[in-house]
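A short worksheet on the structure shown next.
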Amino acid sequence: MHALFEIPPVQPASSARRPPGSDPDELLRGLNAQQRAAVVHAGSPLLIVAGAGSGKTRVLTHRIAYLLAARDVTPGQIMAITFTNKAAGEMRERVAGLVGPRGRRMWVSTFHSACVRILRAEHEHAGLKSTFSIYDADDSRRLMQLVARELDLDPKRYPARSLAAQVSNLKNELVDESTFTARASGPAERALAEAYSSYQQRLRQAHALDFDDLIMTTVRLLQTFPDVAEHYHRRFRHILVDEYQDTNHAQYVLIKELVGRSPEAPSDLDDVAASAPELLADGAPLGPAELCVVGDADQSIYAFRGATIRNIMEFERDFPDAETILLEQNYRSTQTILNAANRVIERNSERKPKNLWSDSGPGEKIVGYVADNEHDEADWVAKEIDRLVDDEGYKPADVAVFYRTNAQSRVFEDIFIRFGVPYKVVGGVRFYERKEVRDALAYLRAIANPDDVVSVRRILNTPRRGIGERAEACVDALASKENISFGAALERAGEAVGISSRAVKGIGDFTTIMAEVRQMAATEPPEDVLEAVLARSGYLAELEESDDPQDAGRVENLQELVSVAREYTERIQRAAAAGDADEDAGPDPEIEETPSLAGFLEQVALVADADEIPDDDGEQSGVVTMMTLHTAKGLEFPVVFLTGMEDGVFPHMRSMGDKRELEEERRLAYVGITRARQRLYISRAVTRSAWGQPQYNPESRFVPELPSELIDWKRTADAYTSWTRGGVGRGESAQYRGPSSALTNGPKSQALAGKLGLDPKLVGAASEMRQVPSLSPGDRVNHDRHGLGRVVAVQGSGPRAQAQIDFGDQTMWIVLRHAPIQKL
DNA sequence: TTACTACTGTTTTTT
DNA sequence: ACAGTAGTAA
């Protein structure tokens with residue numbers, strides 16, 4: 001990506017408008033008929049229904065390139081919306097690869113980034129303060145906690161987390177607080193209404209917007225100020241939306257506002273607008289912008305955060321003259337994998353039939369494995385990856401391991417480390433979610449925006465400055481009495497009633513440091529500001545002096561954050577330089593010219609993926625990628641392991657009661673299956689320890705939905721049953737199968753369930769017996785009575801295995817079978 | 001009044 | 001095993 005910035009394509013200045021490769025015919029070569037139709041389609045709104053692996057990204061990038069090359073659209077007239085910032089970056093580079101550097105001068109971003117840009121620009125235009133904090137889910141929860149405490153809501157009945165989630169849903173539906181307050185009935189809704197309006201009030205006072213606000217406020221802005229809407233309407237003549245099935249109501253309305261609502265305008269003006277927008281005088285009528293959305297209802301997996309497939313299902317009703325193009329040919333997977341995917345997804349009701357096909361042949365069978373427990377499952381995956389690499393010519397980078405929840409990655413990490421399988425976990429405990437990183441960012445946010453309550457309160461007493469709950473409450477009281485922000489009240493802490501002199505001194509120290517660093521932030525780049533505030537506040541010193549070994553890692557993470565800031569600064573400077581050099585496109589006022597603290601914070605808030613999906617570096621063998629099924633959307637791998645195929649895990653326990661949620665889980669399964677190009681593995685564990693206790697989980701209901709003739713089972717549940725208890729034979733093991741678990745069936749199966757799965761003693765013994773051989777010298781363990789220890793030696797095997805363990809104060813031999821011991 | 005230790009429920013998925 | 005809470009020591 002960076003290389004592209006540094007090495008502009010070689011071309012004579014005169015041909016800059018038509019660089020090699022932007023010949024329209026060239027752009028259409030290698031596309032099938034449907035793809036071509038989608039690329040060249042002009043005029044009416046277009047819905048591209050793209051099955052998994054049907055080359056939808058290609059169609060989108062080629063369409064953009066085609067607009068630029070064949071239809072004389074300028075890059076400034078295009079707004080493309082993608083699901084992640086990473087996808088946006090890739091799309092920009094791909095278009096640039098097709099039409100040259102001017103392809104980078106489009107708005108390609110997520111909904112949230114686009115809204116931030118619009119809001120910032122409009123705030124500046126109106127002469128308002130344009131620095132605002134962006135609150136993520138955790139910040140929102142913290143703010144809601146303040147609100148709930150203020151309103152005296154019972155934290156049991158109304159936990160802040162749930163209030164924040166409900167408010168988020170309301171905002172996604174564009175229900176603002178006054179509307180909701182007016183219609184709220186019953187105590188629960190009234191409490192929510194109160195919380196909602198108080199929360200909004202506090203957000204505004206903090207000059208903060210949460211993720212949902214970004215969309216909602218932009219929609220309101222466009223709806224309330226027709227001249228603003230007109231401005232963007234004139235500017236953006238082409239709106240393209242990727243992953244349309246994952247848009248929520250607010251995003252749908254935003255799209256409508258951007259496209260414009262004047263279909264009655266003469267359509268020939270479109271052509272004028274496209275070729276020479278400056279010829280259109282202000283006030284001349286302008287038709288709607290050209291809209292093109294791409295999506296697949298079968299891959300809608302974000303209903304839990306407000307996405308509605310309604311948007312894609314009803315597209316033709318929302319935009320009456322719309323056309324639809326279906327892409328069914330799959331260029332990614334073998335027919336075996338596609339058949340499996342088709343058979344799973346066809347179980348969903350209310351679905352437009354779609355049949356993926358491929359001409360790449362049947363390929364290998366799907367490989368299945370039933371492990372005794374989650375360690376065995378990981379063990380088998382690791383061995384199989386080894387085999388694929390050694391015997392079948394795959395690289396680790398070709399392989400992906402998917403699971404339903406982030407917590408499941410731990411076992412794989414343990415085993416992969418032991419086996420020496422190189423891996424990378426994408427997502428999970430993300431860099432930006434670590435305490436020290438969030439603290440450091442809170443300092444920066446408090447510097448950029450002193451009114452940001454959540455950030456200020458987060459770091460006010462970190463490190464300890466003798467400012468406790470009591471003192472905070474006094475300042476809060478002062479703030480509401482004087483009707484000023486919490487940050488402003490801190491400056492006048494001395495006036496607070498009932499505050500202790502110790503706290504006043506602590507607050508004085510704090511405000512002095514912040515004022516100093518704030519001054520510095522006006523001129524210095526973010527990385528220097530960050531280093532300064534970490535040093536001045538004593539935050540870094542406290543970590544460095546600590547003897548907790550974890551804190552060394554925290555210091556490293558902070559250094560990492562400093563280099564992220566430095567990279568940001570360098571990137572902005574480089575982009576500014578590249579912009580100057582790129583005369584064809586002219587200066588782009590949208591591109592930020594100078595690195596700023598606000599810009600850095602914005603990037604950090606919106607670009608979640610610091611842990612990037614490893615790029616395929618071709619030559620080197622790379623690493624195995626591990627991620628949740630949700631993160632896997634939009635990616636593809638030659639080899640895919642779908643793990644944890646158990647009812648309760650996947651589909652997740654919480655979604656099994658509800659038909660709609662269950663269908664979403666099924667779509668998630670469909671997404672997982674269709675990520676695989678050549679090989680698909682499915683695995684499950686008969687027992688899995690969750691929250692301390694071993695749990696018996698029946699086979700995922702999605703497994704029997706796969707055609708059994710496509711699966712080659714390397715190990716089945718029979719192996720487990722005959723191994724644990726001789727008495728349980730093959731026939732009865734059929735009780736494992738199927739969605740209706742033994743729990744709900746007749747008395748006979750209840751007894752069986754009790755015997756097999758639900759008796760903790762038996763299952764505990766089974767998993768202990770398996771865990772015994774996996775302890776080896778050097779392993780760290782935790783003993784319920786003796787605490788942390790390290791294995792010195794191991795003796796015996798099976799139920800008689802013993803280990804010599806060093807607990808620091810004493811070293812002892814322990815019979816592992818009965819020991820309350822866990823491997824770390 | 002603040003700070004430290006011990007305990008408890010907790011985790012679905014994410015821009 | 002994590003973070004937020006509750007109880008206690010200073």
Side-chain angles (χ1 to χ4, degrees), chain A residues 81-88 109-116 134-138 140-142 145 155-156 159-161 165 168 172 209-215 242-243 246-248 250-251 300-307 402-410 426-430 432-435 438 461-474 498-504 506 550 604-609 627-634 644 648-656 658 661 664-665 667-669 671-672 689-692 782 784 788 822-824:
Chain A
I81 297 168
T82 55
F83 193 71
T84 63
N85 281 287
K86 179 152 207 269
S109 63
T110 61
F111 276 103
H112 293 92
S113 299
C115 288
V116 168
I134 298 168
Y135 280 5
D136 67 10
D138 189 62
S140 299
R141 206 205 70 234
R142 292 175 106 98
Q145 215 149 38
K156 288 256 155 49
R161 185 178 277 284
S168 165
N172 285 336
L209 292 164
D210 66 24
F211 271 26
D212 311 298
D213 269 341
L214 291 176
I215 316 282
D242 196 6
E243 309 285 12
D246 285 321
T247 51
N248 61 33
Q251 290 164 337
S300 160
I301 54 174
Y302 284 100
F304 69 90
R305 70 174 202 221
F402 299 155
Y403 34 77
R404 181 59 186 34
T405 64
N406 281 307
Q408 288 167 251
S409 71
R410 292 193 65 91
V426 180
V429 192
R430 276 196 288 280
Y432 292 121
E433 276 164 26
R434 295 189 188 138
K435 185 184 180 303
R438 291 199 73 105
N461 199 31
T462 318
R464 311 264 114 141
R465 280 182 260 263
I467 308 159
E469 202 182 325
R470 174 71 208 248
E472 249 183 78
C474 294
I499 200 166
S500 73
S501 59
R502 167 158 65 144
V504 174
Q550 268 206 309
V604 166
L606 297 173
V607 184
D609 39 20
M627 63 182 105
T628 64
L629 285 155
H630 282 88
T631 327
K633 194 177 71 164
V649 175
F650 182 40
H652 195 271
M653 188 90 79
R654 294 169 105 108
S655 55
M656 290 204 303
D658 184 281
E661 285 182 48
E664 174 145 323
E665 297 277 312
R667 289 193 289 269
L668 199 52
V671 167
S689 4
W691 49 86
N782 187 16
D784 284 1
L788 292 173
Q822 305 104 46
K823 189 174 164 302
L824 297 178

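For the numbers below, each heavy atom of this structure counts, side chains included, while hydrogens, waters and symmetry mates do not. Proteins get letters first, then strands, A, B, ... in listed order; numbering begins at 1 in each.
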For the pair made of [atom1] in [X] and [atom2] in [N], what is the distance, rounded to whole Å?
{"X": "A:L668", "N": "B:dT12", "atom1": "CG", "atom2": "C1'", "result": "10 Å"}
{"X": "A:I215", "N": "B:dT15", "atom1": "CD1", "atom2": "P", "result": "13 Å"}
{"X": "A:H652", "N": "B:dT12", "atom1": "NE2", "atom2": "P", "result": "5 Å"}
{"X": "A:K86", "N": "B:dT14", "atom1": "NZ", "atom2": "C1'", "result": "16 Å"}
{"X": "A:I301", "N": "B:dT15", "atom1": "CD1", "atom2": "C1'", "result": "13 Å"}
{"X": "A:E664", "N": "B:dT12", "atom1": "CD", "atom2": "P", "result": "14 Å"}
{"X": "A:R654", "N": "B:dT11", "atom1": "CZ", "atom2": "C1'", "result": "8 Å"}
{"X": "A:R161", "N": "B:dG9", "atom1": "CZ", "atom2": "C1'", "result": "12 Å"}

Describe the nucleic acid contact of [X] in one word from base, sugar-phosphate, nothing, applying a heavy-atom distance below 4.0 Å.
{"X": "A:R305", "answer": "base"}
{"X": "A:A137", "answer": "nothing"}
{"X": "A:F111", "answer": "nothing"}

In Å and rounded to the nearest 0.5 Å, what is the [atom1] to [atom2] distance from [X] to [Y]?
{"X": "A:I215", "Y": "A:H112", "atom1": "CD1", "atom2": "NE2", "value": "4.0 Å"}
{"X": "A:Y302", "Y": "A:L668", "atom1": "OH", "atom2": "CG", "value": "8.5 Å"}
{"X": "A:T405", "Y": "A:L629", "atom1": "OG1", "atom2": "CG", "value": "10.0 Å"}
{"X": "A:N461", "Y": "A:E469", "atom1": "CG", "atom2": "CD", "value": "11.5 Å"}

Would you say [N] has OP1 or OP2 under 4.0 Å from some side-chain N or O of [X]?
{"X": "A:S113", "N": "B:dT15", "value": "no"}
{"X": "A:R404", "N": "B:dT12", "value": "no"}
{"X": "A:N406", "N": "B:dT11", "value": "no"}
{"X": "A:T628", "N": "B:dT14", "value": "yes"}

> Is A:E661 salt-bridged to A:R654, cutoff N-O under 4.0 Å?
Replying inline: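 Salt bridge absent between A:E661 and A:R654.
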
May I ask you to test the [X]-[Y] pair for a side-chain heavy-atom distance under 4.5 Å?
{"X": "A:I134", "Y": "A:L214", "answer": "yes"}
{"X": "A:F83", "Y": "A:T110", "answer": "no"}
{"X": "A:Q251", "Y": "A:I81", "answer": "no"}

>> Between A:R667 and A:S300 (side chain of the first, backbone of the second, donor and acceptor by atom type, cut-off under 3.5 Å), is there such a pair?
In response: yes

>> Looking at A:E665 and A:H652, would you say the former's side chain and the latter's main chain have a donor-acceptor pair under 3.5 Å?
In response: yes

>> Both A:E472 and A:E665 contact DNA chain B. Taking the nearest nucleotide for each, which residue is further toward the 5' end?
In response: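 Result: A:E472.
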
> Does A:R470 or A:Q251 map to a spot on DNA chain B nearer the 5' end, using the closest nucleotide for each?
Replying inline: A:R470

> Aromatic rings A:F304 and A:H630: how do their planes relate, parallel, tilted or perpendicular, breaks at 30° and 60°?
Replying inline: perpendicular

Show me the protein contacts with nucleotides 3-5 of chain B, counting only N or O atoms at under 3.5 Å.
from: B:dA3; atom 1: OP2; to: A:N461; atom 2: ND2; distance (Å): 3.4

> Under the criteria of a ring-centre distance below 5.5 Å and an interplanar angle below 30°, is A:F304 stacked with the base of B:dT13?
Replying inline: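 A stacking contact exists, since A:F304 sits close and nearly parallel to the base ring of B:dT13.
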
>> To check you understand the geometry: which heavy-atom pair defines the closest contact between A:I301 and A:E664, and what is its length?
In response: O-OE2, 2.9 Å

>> As a check on the pairing definition, encode DNA chain C in dot-bracket form, counting Watson-Crick and G-U wobble pairs whose two distances are under 3.5 Å, and using | for partners outside this strand.
In response: .|||||||||

> What does nucleotides 2-10 of chain C look like as a protein-contact string, B for base, S for sugar-phosphate only, - for none, at under 4.0 angstrom between heavy atoms?
Replying inline: --S------

> Is the distance between the ring centroids of A:F402 and A:F650 under 6.0 Å?
Replying inline: no

